[in-house]
Structure formats: structure tokens, C-alpha cells
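This one's a predicted model, so the numbers in the text were calculated from it and none came from an experiment.
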Amino acid sequence: MCLFNYDIMGFIMAVISLSNVYFGYNDNNLLSNVSVAFSDSDRVAIVGDNGSGKTTLLKMLAGQLSPDSGHVSRSASVFMLDQLQIADSRSGGEQQMFSIMRAFDSGADILLMDEPTNNLDTDAKRTFFHQLDSYPHGVVIVSHDRELLQRVDKIIELHNGQIKVYGGNYDFYLLQRQLESDNVRSKYTNTQKNIARLNHTINVAQNTRQHHEVKQSKEISTARRSRITANALKGKSQETEAKRRAIIQKKLDEQISLQQSLSEQMRDDKIKIPLPNKPFHNKELINVSGLCFSYGDKLILDNFDFSMRGKSRVRLMGKNGSGKSTLLKIISGEIKPLSGDIKTNGRIAYINQDLSLLHRDKTVVENIIDISGCLKHDAHAIAANFGFRGDVSLRCVGTLSGGELLKATLAAVLGGDNQPDLLILDEPTNNLEIKSIAILEDALNQYTGAILLVSHDEMFVRNIKIDSEFDIMSAK
């Protein structure tokens with residue numbers, strides 16, 4: 001197998017290529033007959049649902065994993081930036097930026113980066129984008145950051161062990177996905193029509209045959225035909241009819257099989273949030289005055305003031321470590337300040353970064369009952385509105401994937417009539433795949449209460465229509 005590839009000028013390109021690669025854990029095939037190449041001149045993003053194999057593919061490119069079968073060829077030097085596990089969130093951005101600069105300084109033919117913009121504030125992300133744009137070699141990135149995905153040359157989507165390559169940035173990817181989705185839905189609609197038509201044909205044929213048999217019986221009984229001739233004609237007619245029914249049934253089975261295949265391709269995760277039958281608190285929701293808080297000897301908030309009224313959507317701004325998440329935890333009652341006065345009105349719900357609001361040992365339905373205060377039969381209806389139908393609603397929360405956990409949390413907080421007057425969100429898009437971010441945006445745009453948000457995801461902030469920003473540094 002040749003390891004050398006040439007660009008249009010005839011120069012040798014450094015390449016990592018996968019050929020007919022299979023890889024899985026237990027019975028879960030993450031990569032199934034995957035063939036793809038990455039060069040030292042492309043900026044490529046890998047996207048897909050949580051658990052689809054994105055990080056696995058990245059580690060295989062780095063040589064940290066070997067395929068179960070197939071072949072991986074390398075003529076490129078690599079540097080792998082793993083997803084940073086932050087023990088101390090206050091220094092997370094600094095740790096991440098230090099690791100990022102080491103990667104760019106490596107000069108590797110192909111940089112491999114797993115969620116590089118996690119934990120970065122706005123200024124740090126700007127620095128990262130500048131370094132990325134000026135890096136002279138190839139970059140392969142696993143990311144859900146749509147601002148970052150706009151800067152790549154190519155997007156590779158992983159789904160059900162297969163890959164699909166889109167030759168453009170995130171906008172191009174979205175457009176192609178929409179065209180594909182429209183095409184699948186059109187075909188699905190056609191199969192519905194064909195199935196109805198074929199079923200109708202079968203029913204008409206069956207009624208016609210029954211009518212014909214009754215007519216033949218009457219003719220035999222009145223002796224207008226000899227019994228032998230009538231039975232011969234009847235047998236021939238039945239044989240012809242059986243062949244025709246078999247042909248129609250085969251076509252029907254083919255349409256049903258095609259419909260099932262198209263149904264599996266339709267990724268519809270729309271959720272339904274009810275309009276609350278209660279008025280939201282429309283006056284002052286939060287009033288914080290003279291607030292002081294410290295971690296050990298490090299003073300985070302000193303004589304700090306903040307207020308917020310109902311129906312508003314506010315984004316807290318500030319550098320990493322400035323106290324944004326700390327303020328959210330104080331307002332929600334998760335931690336206590338050293339001093340200061342905190343007044344809150346109305347019902348408040350706090351969804352933190354690790355989605356730990358739900359009880360992991362309870363089912364989806366039980367959590368909805370606990371948090372929303374609704375009755376059991378209403379909890380099942382709420383679960384169904386968020387995609388948890390039948391036995392799925394009885395799964396323990398601890399067994400859910402990241403996207404499922406998000407939907408279950410939204411169901412418990414927003415699915416009932418007693419929605420919170422204020423929803424507090426701390427970096428809600430961190431560690432969510434693109435599909436789950438779209439679900440979250442859809443939910444928040446249906447919700448009509450107030451929002452207090454910490455997020456570095458600029459596209460997310462725009463999409464949920466934040467109407468004001470509060471710089472935490474200016475109030476210190």
C-alpha cells in the first residue's frame with residue numbers, strides 16, 4: 001500500500017488514512033468498514049451524537065487505539081490534545097489554554113484536538129481561533145462548538161458506525177443535512193401512499209374474489225354449468241388470483257421494509273413544552289446587595305450588587321474565575337455567601353454543567369413527579385412529550401446518555417404546568433453534541449419565563465434571544 005499522496009503542485013502530503021476499519025466495544029460497533037483519509041492541509045471537524053465514536057476515531061488517528069480489523073496508514077506526525085478533565089473549574093480555562101498552546105507549538109503535520117474550546121472564555125476563544133487560522137498544517141477536531149465548526153474546510157459525521165463527508169463548514173453541513181432530511185421525508189411520504197394503495201388493492205381483490213366465488217356457487221347450484229367445468233374454471237381462477245396476490249404482497253412487503261429503513265434515517269427530536277396555566281412572576285426576581293464570597297484566601301465577590309426582573313433573559317459576562325458560576329450557585333442556594341443580602345421571588349430552577357439535578361437511581365417518570373409536583377399519569381404524558389414513551393420512561397436516569405439526560409432534565413423542569421419563573425443555566429452546551437444543543441435551544445425558545453445564563457457559546461446565546469448582558473467585573 002502506497003503511503004505517499006501528492007497535492008496539485010506535486011508536493012508530497014503527510015496523510016493518515018483508514019481503510020476498511022472496524023472497531024467496537026463488546027457488541028457495539030463504533031466504526032464499521034470505515035475508509036477515510038486526513039491530510040496535512042485540511043481543517044476537518046468530526047461530529048456526531050455522544051457515544052457515536054468521535055473520540056475513538058481521534059485516538060485511532062493518534063495511534064492510541066488499533067482497529068479490530070482493517071488498516072491504518074500514517075505518513076504524518078501528530079500531536080493529540082485530549083479532552084481536558086478539570087478538577088478545579090476556576091483554573092480550567094488556564095489549563096486548557098496552556099495545553100492548546102503546547103499543541104500549536106508542536107508543529108505537527110496534523111493536530112488532533114478533542115473539544116478544544118471547552119472551558120475557554122470569550123477572550124481565550126478569540127486567541128484560539130487566531131492560532132488555528134494561522135496554523136500552517138492540518139487539524140482534525142472533535143467539537144460541538146458551532147462557532148469553531150464554521151472555520152473548518154470539511155465536516156465528517158459519524159452515525160451508526162458509518163461516516164459521511166461534507167465538503168464545507170457548518171453552514172454547508174446544515175444545508176446538506178436539511179436537503180437530505182427533506183428527501184428522506186418525501187420518500188417516506190411516498191411509501192405511506194404506496195402502502196395505502198397496495199392495501200386497498202388487496203382489499204378490493206379479496207372482495208371481488210369473494211363475490212366471484214358466491215356467483216360461481218350459485219351457477220353450480222342452478223346447474224347452468226357442469227360441475228367439472230365449473231371446478232376447473234374455479235381452480236384456474238384461484239391459481240391466477242393467488243399469483244396476483246403474491247405479486248402485490250411482495251410489493252407491499254418491499255414498501256414496508258423501505259418505510260422502516262427511512263423511519264430509522266429520520267432523526268426527529270422535537271419536544272413539546274406546554275403553555276403554563278399560571279402567570280410568571282413579572283416583578284423583581286433577584287436582588288443581591290453587598291455580597292461577599294471567597295475560596296480560602298481568594299476573594300471572588302466583594303460588596304457585589306445584582307438584580308433581575310421577570311421575563312428578562314440575562315447573560316453573565318466575565319473572565320474565567322471572575323465568579324459567574326459562583327454567583328449562580330449562591331442565587332440558587334447551593335452555596336452560602338460570607339455576607340450580604342439575597343432576596344429571591346418566584347420559583348427558581350438551576351441546571352448546572354453536569355446535569356446533576358435529577359436523582360440517578362430514580363426513573364424518568366419518578367424524577368418528573370418529584371420536581372414538577374405533577375400526578376403519575378401526567379408525568380407519563382410529560383415524558384412522552386420529551387421522547388420518553390412506553391418502557392423508556394421507566395428507565396433509571398443513571399442509564400441515560402448525555403442527550404437523553406438533558407431531555408429528561410428539561411422534562412422535569414419545563415414539562416409541567418408549574419414551570420419556574422427563573423431558569424438558571426451554567427454553560428449548558430458544554431459536553432453536548434450538536435443535536436442536543438438544538439433540542440435545548442428549541443426548549444428554551446418555547447419557555448416564556450426568565451433566564452439567567454453563563455455561556456461562552458455565542459451562537460447559542462443568539463439563538464435563545466438573550467436580551468441583556470451583565471459584566472460581573474464591572475460590579476466588583
Exercise for the section: Would you mind checking if Lys154 and Asp42 are paired as a salt bridge, meaning a charged N to carboxylate O distance below 4.0 Å? Expected result: yes

Practice task
Decide salt bridge (Lys or Arg N to Asp or Glu O under 4.0 Å) for Asp123 and Arg126; before the verdict, give the C-alpha distance in whole Å, the side-chain angles of both, and the deciding distance to 0.1 Å.
Solution key: CA-CA 5 Å; Asp123 289 341; Arg126 192 177 297 116; 2.9 Å; yes

Fill in the blank from the handout: The reported gap from CG in Leu358 to CG in Asp361 (rounded to nearest 0.5 angstrom) is 12.0 Å

Exercise for the section: Look at the side chain of His456 and the backbone N and O of Leu120, then say whether any donor-acceptor pair between them is shorter than 3.5 Å. Expected result: yes

Problem - Residues Arg43, Arg151; criterion side chain to side chain contact (heavy atoms under 4.5 Å, CB included); working and verdict - result: CA-CA 8 Å; Arg43 283 163 171 72; Arg151 297 171 176 265; over 6 Å; no

Exercise for the section: Check side-chain hydrogen bond (donor to acceptor under 3.5 Å, both in side chains) between Asp171 and all other residues, then give those that pass, not counting sequence neighbours. Expected result: Gln150

Practice task
Looking only at non-hydrogen atoms, find the nearest pair between Asp121 and Gly318 and report the distance.
Solution key: CB-O, 4.5 Å

Handout entry: Validation row: Leu30, Ser52 side chains within 4.5 angstrom (heavy atoms)
Key = no

Handout entry: Chi angles and distances behind the side-chain hydrogen bond (donor to acceptor under 3.5 Å, both in side chains) call for Asn20, Asn33
Key = CA-CA 4 Å; Asn20 306 120; Asn33 198 30; 2.9 Å; yes

Handout entry: Beyond-backbone contact of Leu452 with Leu422, side-chain heavy atoms, under 4.5 angstrom
Key = yes

Exercise for the section: Ignoring hydrogens and angles, state whether a donor on the side chain of Ser356 or Asn352 is under 3.5 Å from an acceptor on the partner side chain. Expected result: yes

Exercise for the section: Give, for atom CD of Gln259 and atom OH of Tyr188, the distance between the pair rounded to the nearest 0.5 Å. Expected result: 4.0 Å

Practice task
State the CG-CG distance between Asn463 and Asn445, to the nearest 0.5 angstrom.
Solution key: 7.5 Å

Exercise for the section: Taking the side chain as every heavy atom from C-beta outward, state whether Arg313 and Leu453 have any atom pair closer than 4.5 Å. Expected result: no

Problem - salt bridge (Lys or Arg N to Asp or Glu O under 4.0 Å) partners for Asp354, two or more places apart - result: none

Handout entry: No-hydrogen, no-angle side-chain donor-acceptor test under 3.5 Å, Glu366 and His359
Key = no

Exercise for the section: Establish, yes or no, whether a centroid distance under 6.0 Å links the rings of Phe470 and Phe306. Expected result: yes

Exercise for the section: Check Ala412 against Ile371 and note the closest heavy-atom contact, atom names and distance. Expected result: O-CG2, 3.5 Å

Exercise for the section: Test side chain to side chain contact (heavy atoms under 4.5 Å, CB included) on Leu355 and Leu406 and set out the steps. Expected result: CA-CA 7 Å; Leu355 297 174; Leu406 169 69; 4.1 Å; yes

Exercise for the section: Taking Arg74 for its side chain and Ala62 for its backbone only, find out whether a donor-acceptor pair lies under 3.5 Å. Expected result: no

Practice task
For the pair Glu469 (side chain) and Met317 (backbone), establish whether a donor and an acceptor sit closer than 3.5 Å, ignoring hydrogens and angles.
Solution key: no

Practice task
Say whether, by atom type as modelled, one donor and one acceptor occur between the side chain of His144 and the main chain of Thr429 under 3.5 angstrom.
Solution key: yes

Handout entry: Test item: side-chain donor near acceptor, Glu147 and Tyr170, under 3.5 Å
Key = no

Completion exercise
In this structure, OG1 of Thr409 is separated from CG of Asn367 (nearest 0.5 Å) by 8.0 Å

Practice task
Mark yes or no for whether Arg197, through its side chain, and Thr201, through its backbone, hold a donor-acceptor pair below 3.5 Å.
Solution key: no

Exercise for the section: Kindly say whether Arg395 contributes a backbone atom to a donor-acceptor pair with the side chain of Thr363 at under 3.5 angstrom? Expected result: no

Handout entry: Test item: Val78 and Ile16 side chains (from C-beta on) under 4.5 Å apart, heavy atoms
Key = yes

Exercise for the section: State which residues pass salt bridge (Lys or Arg N to Asp or Glu O under 4.0 Å) with Lys164; sequence neighbours excluded, sorted by chain then number. Expected result: Glu180

Exercise for the section: Before giving the answer on side chain to side chain contact (heavy atoms under 4.5 Å, CB included), spell out for Glu157 and Asp49 the whole-Å C-alpha distance, their side-chain angles and the decisive distance to 0.1 Å. Expected result: CA-CA 9 Å; Glu157 183 187 61; Asp49 294 348; over 6 Å; no

Handout entry: Salt-bridge contact Asp145-Lys125 (side-chain N to carboxylate O under 4.0 Å)
Key = yes

Exercise for the section: Check salt bridge (Lys or Arg N to Asp or Glu O under 4.0 Å) between Lys362 and all other residues, then give those that pass, not counting sequence neighbours. Expected result: Asp370

Problem - Minimal non-hydrogen separation, Ile451 against Tyr447, with atom names - result: CG1-CE2, 3.9 Å

Exercise for the section: Taking all non-hydrogen atoms of both residues into account, name the closest pair between Ile369 and Ala379 and its distance. Expected result: CG1-CB, 3.5 Å

Problem - Side-chain touch Val140/Leu111, heavy atoms, less than 4.5 angstrom - result: no

Handout entry: Check against side chain to side chain contact (heavy atoms under 4.5 Å, CB included), Thr56 and Tyr25
Key = CA-CA 10 Å; Thr56 295; Tyr25 294 105; 4.0 Å; yes

Problem - Separation between OG of Ser143 and CD of Glu115, rounded to the nearest 0.5 Å - result: 5.0 Å

Handout entry: Side-chain (Asn183) to main-chain (Leu179) donor-acceptor, under 3.5 angstrom
Key = no

Practice task
Could you tell me whether a side-chain N or O of Arg347 sits under 3.5 Å from a main-chain N or O of Asn418, the two making a donor and an acceptor?
Solution key: yes

Practice task
Compare every heavy atom of Leu414 with every heavy atom of Pro420, then report the nearest pair and how far apart it is.
Solution key: CD-CD2, 4.0 Å

Exercise for the section: Check the surroundings of atom CG in Asp133: do more than 12 heavy atoms from other residues, nucleotides or ligands lie under 6.0 Å from it? Expected result: yes

Problem - Residues in salt bridge (Lys or Arg N to Asp or Glu O under 4.0 Å) contact with Arg102, at least two apart in sequence or another chain - result: none

Practice task
Search all heavy atoms of Ile100 against all heavy atoms of Pro116 and return the closest pair with its distance.
Solution key: CD1-O, 3.3 Å

Exercise for the section: State, yes or no, whether a side-chain contact exists between Leu18 and Leu57 at a heavy-atom distance under 4.5 Å. Expected result: yes

Exercise for the section: May I ask you to check if Arg177 and Tyr166 form a cation-pi contact, with NZ or CZ under 6.0 angstrom from the six-membered ring centre and within 45° of the axis? Expected result: no

Handout entry: Salt bridge Arg146-Glu441, side-chain N to carboxylate O under 4.0 Å
Key = yes

Exercise for the section: Apply side-chain hydrogen bond (donor to acceptor under 3.5 Å, both in side chains) to Glu433 and Ser436, showing your working. Expected result: CA-CA 6 Å; Glu433 77 276 16; Ser436 294; 2.8 Å; yes

Exercise for the section: For the pair Arg315 (side chain) and Val461 (backbone), establish whether a donor and an acceptor sit closer than 3.5 Å, ignoring hydrogens and angles. Expected result: no

Handout entry: Set of ring-ring contact (aromatic ring centres under 6.0 Å, His included) partners for Phe104, sequence neighbours left out
Key = Phe128, Tyr135

Handout entry: Residues Ser325, Asp426; criterion side-chain hydrogen bond (donor to acceptor under 3.5 Å, both in side chains); working and verdict
Key = CA-CA 7 Å; Ser325 294; Asp426 190 2; 2.8 Å; yes

Practice task
Quick one: pull up CG in Leu112 and CG in Leu58 and give me the separation to the nearest 0.5 Å.
Solution key: 5.0 Å

Practice task
Say whether, by atom type as modelled, one donor and one acceptor occur between the side chain of Ser99 and the main chain of Gln95 under 3.5 angstrom.
Solution key: yes

Exercise for the section: Answer yes when Asp182 and Arg185 have at least one side-chain N-carboxylate O distance shorter than 4.0 Å, and no when they do not. Expected result: no

